[in-house]
Amino acid sequence: MSSERYNAPVAEKHWQSVWDAKGIFKTGTDTSKPKCYVLEMFPYPSGRIHMGHVRNYTMGDTLARYKKAKGFNVLHPMGWDAFGMPAENAAMQNNSHPAKWTYANISAMKAQLKAMGLSIDWDREIATCDPSYYVHQQRMFLDMYAKGLAYRRKSKVNWDPVDNTVLANEQVIDGKGWRSGAEVIQKELDQWAFKITDYSDELLSAIDTLDKWPDKVRLMQANWIGKSEGLMVRWALDAKTAPKGFSELEIFTTRPDTLFGASFMAVAPDHPLAKAASATNTKLADFCDECRKMGTSLAEIETAEKIGMDTGIKAIHPLDPSWQVPVFVANFVLMDYGTGAIFGCPSGDQRDIAFARKYGLPVLPVVVPKDEPARGKALAAIHEGIAYVDDGVMINSKFLDGMNPKQAFDAVASRLEKEKVGGKPVAARKVNYRLRDWGLSRQRYWGCPIPVVHCTACGIVPVPNKHLPVKLPDDATFDMPGNPLDRHPTWKHVDCPKCKAKAVRETDTMDTFVDSSWYFARFTAPNAETPIDKAALDYWMPVDQYIGGIEHAILHLLYSRFYYRAMGATGHGGSANLKEPFGALFTQGMVVHETYRRSGTTNPEWLLPTEVKFEGEGDNRTATEIATGKLAIIGSIEKMSKSKKNLVDPDDIITLYGADAARWFVLSDSPPDRDVIWTEDGVRGVSKFIQRIWRLSEEIADGKGAKAGSAKPASFTPEATALRRQTHKALDSVSRQIEGLRFNVAVAQIYELTNALSSAAAKGGNADPSLAWAIREAGDVLVQCIAPMMPHLAEQSWQRLGHQGLVVEAAWPTAEAALLVDDTVTIAVQVNGKRRDEITMPKTATKEQAEAAALALDSVVRALAGATPKKVIVVPGKIVNVVM
RNA sequence: GCGGACGUGGUGAAAAGGUAGACACACGGGACUUAAAAUCCCGAGGCCGCAAGGCCGUGCGGGUUCAAGUCCCGCCGUCCGCACCA
């Protein structure tokens, strides 16, 4: 018997070249087959792949390979999210060009991905920085512009002072830029935006159809869109106090039921009424200025005190003309939500009650709990400055008294809808959304140019189709901050396409999230002359399984859902009524690792995992810095990051243990949606398992099992049948677990089969030909089960087992249904719900037989201690519970 | 503050309301070996016991059920998302 160790790095290169030469992973053209589009979020070409990529792409690859074996026509492409800031920063640092840096990174990372043995159709590779990609994006942009889905607006924007660019709301995290981490400031600029708010309702209601998305993501999107239903109410202003030209103030409220609790109105400092009042009131003008200044940083807004100033203007209560309410300017009222004006009902809103107490405004309870003592408590709390916000019953509210808030809402709405002032109803029902339009202008070079020209005579003029793409100039300079396109000596100077006069190009480029909002559609026909090919799109879309990180729960996934609809609206959609790009979504967890620090330093000096060695275990485990021999500090387990140096380079793992080891590791142990902790011990364990599979293949091939393709025996010994049952159960389970992306459970099933096969093989051979055949069958099934996860080892073992073809081309085996159920079942026996014993019975045993057998058990007799059971519950094949 | 998820051995974890801890890592013992590595076998939730066996056990407290890690109510803790949204 040979006993050569499996040499993963050598075998892996070999099989990759075999697959390549045969073009195994080219996307099939037989569109009569059922399709399966498996997609992982494409990477940003940062330079090297990291373990997060390995995990993400291994999951997708496992599913893709499985589906291929199941007979699906599989689309499994890969590309590069290639525009973006880091390339430009690198260019600045190295006095180089972003394209050079990007393409070098792409080629390095592509080699790494190839070394992973991914079943990717590289013929469909896309790089978003390639003009052949972004030309289509420019076309679609112009079509969206023509339809009003892309527009230019002057607006307050989030300005990142480090990256020198604008950020979308979604890209501001805790008041800081998502990329630079710098405090974001507010700035007023002319900006391009996508009219995503046209789809607010559609994007929200369609979340219900995304039943294969994680609930968490669906909820996050719903909250982000933030629908609220309320009433727009026009309040007349007292003419004696109102500025000229202002006769009313319109507010939005979700609580019109609490109108009788109103004690003040408040408008945003930028509200026209505030501005008009400021014109004759310098104190107020100063106050508004103050508010605007405070509003420069989002972080400040969050902690700022709620302050206001009385304008002296009085508003007349819409339900009681004799009642006047003061109008304040307040720093917490937002100009861009609702109408920029509110009414305050202190007893029902915590912020309003604080405001009212601060400025000595009345607090009238209008909603209270129905019954005592809760009502008394709530009233006392209101007195103490704690608003009552729950359901209850109306009081102090005239015709609403006794109603619940919902009834009161409807009563107020229908009364005010009928009442008219100046020919218009006083109030109208209205739905408001938190979602803002998507500002897409970026003042950077390395992005898709926005294809318009600004002409003093003609205004904004689209670049004609025949002049597309508007390409980036190669000779831009990156030696100073600011937008290289804007300061380029010639690029922006062009003739107006309409009037031929001198004009300038738009120098903003598109947010890179635009690039990634449709790449999945482009993959279905990456060489089409038009942005998409309808037939290809209809066949392949939607993506059947999309896999990526949770960090894109809102940004990328919401943008894509909008953009795909916008494509449809501008003639770039399929003919089928497909609105959602991603049928199923899976968000995978991170790869995390322990951190290590040099001891005796104040600022943490992080150490690489390779710079320390370990002794002891558990609480006594210590780390020593190899270079100095000094004790190092073992820190917490955290996301792998350059700054904390807790990185493991996939290349090192692949070189040392092979791609299969890395792939298997990231799939085993932890559920795929949770974080997985990378450990040296773990990967060594995987390496042992790989050798074990290899040894088993050799044993089977060298006589423990029957020859490949030998005839199935007419009958099997009990031992052989037992192995066959385990084999087919494992096969059935592994199939279901892979389909459900529960890779860790699939892995455990494979271990069990391996253990069973090992012990059977120890007894195998010529003595029992039916066992030899069962061993061979188990070996084949085992290799096929590991093939989606460890494809190289599977290929090598498949060959060793004596098969002619490639395992990657073999059809997924079918489990024999008869072998999935046992002849005998083990039934737990409980007394009063407590497990006492178990009985083994034929599967066909009746309830009565099970009950009789259970009652006859010594352990049951003892537990009963002479008492007669009150009743006996029998769940066939599961459990007998004797209740006394 | 609002919303959500999670909490199981030394560790990662498994478990259509039906035998809790499968499987793996780490650990302990043994076999093989001059020795080590590799490999193979055995053990292992806690407590009591030589053992047979018994009691306890899925963050805490209640509840529903013949039966709860799983469902319901209330706490505690950890993590995540949103955060002046009227």
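In the text below, chain A, chain B and the rest are named by the order of the sequence lines, each starting its count at 1.
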Enquirer: Let me know, please, whether A:R255 or A:N755 comes out on the 5' side of the other along RNA chain B by nearest nucleotide.
Expert: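 Comparing both residues, the 5'-ward one is A:N755.
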Enquirer: Pick the C1' atom in B:U39 and in B:U19, then give their distance to the nearest Å.
Expert: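 Rounded to whole Å, the distance is 34 Å.
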Enquirer: Give the residues of residues 673-681 of chain A touching RNA chain B, defined as any heavy atom closer than 4.0 Å, sorted by residue number.
Expert: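 Contacts with RNA chain B under 4.0 Å: A:R674, A:D681.
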Enquirer: What residues, two or more places apart in sequence or in another chain, satisfy side-chain hydrogen bond (donor to acceptor under 3.5 Å, both in side chains) together with A:N744?
Expert: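 Once residues adjacent in sequence are excluded, A:N744 has no partner under the side-chain hydrogen bond (donor to acceptor under 3.5 Å, both in side chains) criterion.
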Enquirer: Where the side chain of A:I879 is defined as all heavy atoms beyond and including C-beta, which of B:A38, B:G18, B:C85 is the nearest nucleotide?
Expert: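 Looking only at side-chain atoms, A:I879 lies closest to B:G18.
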Enquirer: If you check every side-chain atom of A:M220, which of B:A83, B:G81, B:A38 has the closest atom?
Expert: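 So the side chain of A:M220 is nearest to B:G81.
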Enquirer: Checking base pairs now: Watson-Crick or wobble, both atom distances under 3.5 Å. What partners B:A20?
Expert: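 Because no pair has both required distances under 3.5 Å, B:A20 counts as unpaired.
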Enquirer: Just compare B:C82, B:C66, B:G53 and give me whichever is closest to any side-chain atom of A:R434.
Expert: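 Nearest listed nucleotide: B:C82.
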Enquirer: Find the partner of B:C27: check Watson-Crick (N1-N3 plus N6-O4 or O6-N4) and G-U wobble (N1-O2, O6-N3) distances, both under 3.5 Å, and reply none if neither fits.
Expert: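 Base partner found: B:G43.
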Enquirer: At under 4.0 Å between heavy atoms, what does A:K870 touch on the DNA or RNA strands: base, sugar-phosphate, or nothing?
Expert: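 The residue A:K870 makes no contact with any strand.
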Enquirer: Are A:F355 and A:F332 close enough that their ring centers fall under 6.0 Å?
Expert: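 A:F355 vs A:F332: aromatic centres under 6.0 Å.
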Enquirer: Quote, to the nearest angstrom, the C1' distance that separates B:C48 from B:G61.
Expert: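 It comes out at 28 Å once rounded to the nearest Å.
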Enquirer: Between B:U19 and A:N881, is there an OP1 or OP2 to side-chain N/O distance shorter than 4.0 Å?
Expert: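 Checking A:N881 against B:U19: no side-chain N or O falls below 4.0 Å of OP1 or OP2.
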Enquirer: For residues 828-835 of chain A, please give each side-chain donor-acceptor pair under 3.5 Å, one per line with the distance, not counting sequence neighbours.
Expert:
{"residue": "A:N832", "atom": "OD1", "partner": "A:M884", "partner atom": "N", "Å": "3.0"}
{"residue": "A:R835", "atom": "NH2", "partner": "A:E838", "partner atom": "OE1", "Å": "3.0"}

Enquirer: For nucleotides B:G17 and B:G12, find the distance between their C1' atoms and express it as a whole number of Å.
Expert: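 Looking at atom C1' only, B:G17 and B:G12 are 26 Å apart.
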Enquirer: So what's B:G7 paired with, Watson-Crick or G-U wobble, going by both distances under 3.5 Å?
Expert: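 In the structure as shown, B:G7 has B:C76 as its Watson-Crick or wobble partner.
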Enquirer: Is a salt bridge present between A:R234 and A:E250, judged by a nitrogen-to-oxygen distance below 4.0 Å?
Expert: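 No.
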Enquirer: Got a sec, which residues hit side chain to side chain contact (heavy atoms under 4.5 Å, CB included) with A:T595, two or more places apart in sequence or on another chain?
Expert: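 A:T595: side chain to side chain contact (heavy atoms under 4.5 Å, CB included) contacts with A:W606, A:S636, A:E638, A:K644, A:N646.
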Enquirer: What pairs with A:R434 under side-chain hydrogen bond (donor to acceptor under 3.5 Å, both in side chains), at least two apart in sequence or on another chain?
Expert: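 If we apply the side-chain hydrogen bond (donor to acceptor under 3.5 Å, both in side chains) test to A:R434, skipping adjacent residues, there are no hits.
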Enquirer: Give every pair of a protein N or O atom and an N or O atom of nucleotides 39-47 of chain B that lie under 3.5 Å apart, one pair per line with the distance.
Expert:
{"residue": "B:U39", "atom": "O3'", "partner": "A:R695", "partner atom": "NH2", "Å": "3.4"}

Enquirer: Rounded to the nearest Å, what distance is computed from the CG atom of residue A:L558 to the P atom of nucleotide B:G81?
Expert: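 Rounded to the whole Å, the gap is 17 Å.
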Enquirer: Can you tell me how far P in B:G69 sits from the matching atom in B:G7, rounded to whole Å?
Expert: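 About 13 Å, rounded to a whole number of Å.
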Enquirer: Test of understanding: with side chain to side chain contact (heavy atoms under 4.5 Å, CB included), list the residues that count as partners of A:R436, not counting sequence neighbours.
Expert: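 Per chain and number, A:R436 pairs via side chain to side chain contact (heavy atoms under 4.5 Å, CB included) with A:N169, A:D336, A:Y337.
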Enquirer: According to side chain to side chain contact (heavy atoms under 4.5 Å, CB included), who are the partners of A:D732, at least two apart in sequence or on a separate chain?
Expert: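 Result, side chain to side chain contact (heavy atoms under 4.5 Å, CB included) vs A:D732: A:R736, A:A815, A:L820.
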Enquirer: Report the distance from atom NZ of A:K430 to atom C1' of B:C85, rounded to the nearest whole Å.
Expert: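 Rounded to whole Å, this separation is 13 Å.
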Enquirer: A:L249 has an atom CG; how far is it from atom C1' of B:A86, in whole Å?
Expert: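 One finds 13 Å between C1' of B:A86 and CG of A:L249, rounded.
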Enquirer: Report the distance from atom CZ of A:R835 to atom P of B:G21, rounded to the nearest whole Å.
Expert: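 For the pair A:R835 CZ and B:G21 P, the rounded distance is 8 Å.
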Enquirer: Taking atom P in both B:A52 and B:G57, compute the distance separating them and give it to the nearest angstrom.
Expert: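 Here B:A52 and B:G57 have their P atoms 22 Å from each other.
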Enquirer: Under a 3.5 Å limit for both distances, which nucleotide forms a Watson-Crick or G-U wobble pair with B:G1, could you say?
Expert: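 B:C82 - that is the nucleotide pairing with B:G1, both distances being under 3.5 Å.
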Enquirer: What pairs with A:D215 under side chain to side chain contact (heavy atoms under 4.5 Å, CB included), at least two apart in sequence or on another chain?
Expert: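 Expected list: A:R218.
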Enquirer: Which listed nucleotide (B:A14, B:G18, B:C80) is nearest to the side chain of A:P671?
Expert: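 For the A:P671 side chain, the nearest candidate turns out to be B:A14.
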Enquirer: Return the 5'-most residue of the pair A:V333, A:A828 with respect to RNA chain B, ranking by each residue's nearest nucleotide.
Expert: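 In this pair, the answer is A:A828.
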Enquirer: Going by number, which of residues 742-754 of chain A have a non-hydrogen atom under 4.0 Å from RNA chain B?
Expert: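 Residues of residues 742-754 of chain A that come under 4.0 Å of RNA chain B are, in numerical order, A:N744, A:A748, A:Y751, A:E752.
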Enquirer: Regarding A:T253, tell me which of base, sugar-phosphate or nothing describes its non-hydrogen contacts under 4.0 Å with the strands shown.
Expert: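 If one applies the 4.0 Å heavy-atom cut-off, A:T253 turns out to touch the sugar-phosphate alone, with no base involved.
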Enquirer: Does B:A51 have a Watson-Crick or wobble mate here (both distances under 3.5 Å), and if so which one?
Expert: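 Because no pair has both required distances under 3.5 Å, B:A51 counts as unpaired.
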Enquirer: Rounded to the nearest angstrom, tell me the gap between atom NZ in A:K729 and atom P in B:A22.
Expert: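 So the NZ-P distance, A:K729 to B:A22, works out to 17 Å.
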Enquirer: So what does A:V875 touch, heavy atoms closer than 4.0 Å: a base, only the sugar-phosphate, or nothing?
Expert: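 A:V875: base contact, heavy atoms under 4.0 Å.
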Enquirer: Do any pairs count as a side-chain hydrogen bond (donor to acceptor under 3.5 Å, both in side chains) and have a residue in residues 340-355 of chain A, sequence neighbours left out, and if so which ones?
Expert: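 The answer is none; no pair qualifies.
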Enquirer: Between B:G18 atom P and A:I839 atom CD1, what is the distance in whole Å?
Expert: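 Between P of B:G18 and CD1 of A:I839: 18 Å.
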Enquirer: How far, in whole Å, is B:G9 from B:A13 if one measures between their C1' atoms?
Expert: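 So the two C1' atoms sit 11 Å from each other.
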Enquirer: Taking the basic N atoms (NZ, or NE/NH1/NH2) and the acidic carboxylate oxygens, is any pair closer than 4.0 Å for A:K729 and A:D822?
Expert: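 Salt bridge flag = yes for A:D822 with A:K729.
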Enquirer: For A:R695 and A:E699, what are the C-alpha separation, side-chain angles and deciding distance, and is it a salt bridge (Lys or Arg N to Asp or Glu O under 4.0 Å)?
Expert: CA-CA 6 Å; A:R695 277 197 312 275; A:E699 278 181 48; 5.5 Å; no
Enquirer: Is there any salt bridge (Lys or Arg N to Asp or Glu O under 4.0 Å) pair reaching into residues 747-757 of chain A, and which pairs are they, with sequence neighbours excluded?
Expert: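 As it turns out, there is no salt bridge (Lys or Arg N to Asp or Glu O under 4.0 Å) pair with a partner in residues 747-757 of chain A once direct neighbours are skipped.
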Enquirer: Considering only side-chain heavy atoms of A:D669, which listed nucleotide, B:G3, B:G12, B:A83, is closest?
Expert: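 That would be B:G12.
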Enquirer: Classify the side chain of A:K871 and the base of B:C66 as holding, or not holding, a donor-acceptor pair under 3.5 Å.
Expert: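 Between B:C66 and A:K871, which were checked side chain against base, a qualifying N/O pair under 3.5 Å is absent.
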Enquirer: At 4.0 Å (heavy atoms only), tell me whether A:V829 reaches a base, stays on the sugar-phosphate, or touches nothing.
Expert: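 If one applies the 4.0 Å heavy-atom cut-off, A:V829 turns out to touch nothing in the nucleic acid.
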Enquirer: Using a heavy-atom cut-off of 4.0 Å across all strands, would you classify A:R218 as base, sugar-phosphate, or nothing?
Expert: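 Nothing, no nucleic acid heavy atom in range.
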Enquirer: For B:U33, what is the paired nucleotide under Watson-Crick or G-U wobble rules, both distances under 3.5 Å?
Expert: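 Partner of B:U33: none found under 3.5 Å.
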Enquirer: Do the charged groups of A:K847 and A:E851 touch, with an N to O distance under 4.0 Å?
Expert: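 A salt bridge is absent here (no side-chain N lies under 4.0 Å from a carboxylate O).
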Enquirer: Return the nearest nucleotide to the side chain of A:L219; candidates are B:A16, B:C85, B:G4.
Expert: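 Of all the options, the side chain of A:L219 is nearest to B:G4.
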Enquirer: Pick the C1' atom in B:A22 and in B:G77, then give their distance to the nearest Å.
Expert: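 Roughly 28 Å separates the two C1' atoms.
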Enquirer: Looking at every strand, decide which applies to A:D215 at a 4.0 Å heavy-atom threshold: base, sugar-phosphate, or nothing.
Expert: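 No contact.
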Enquirer: State which of B:C84, B:G54, B:U19 makes the closest approach to the side chain of A:F332.
Expert: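 The answer is B:C84.
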Enquirer: Between B:G4 and B:A83, how far is it from one C1' atom to the other, in whole Å?
Expert: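 That atom pair is separated by 14 Å.
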Enquirer: Of the nucleotides B:A86, B:G54, B:C82, which one has an atom closest to the side chain of A:I342?
Expert: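 Given the options B:A86, B:G54, B:C82, the side chain of A:I342 is closest to B:A86.
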Enquirer: Between A:R674 and A:Q588, is there a side-chain donor-acceptor contact under 3.5 Å, judged purely by atom types and distance?
Expert: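 The answer is no; no qualifying pair exists.
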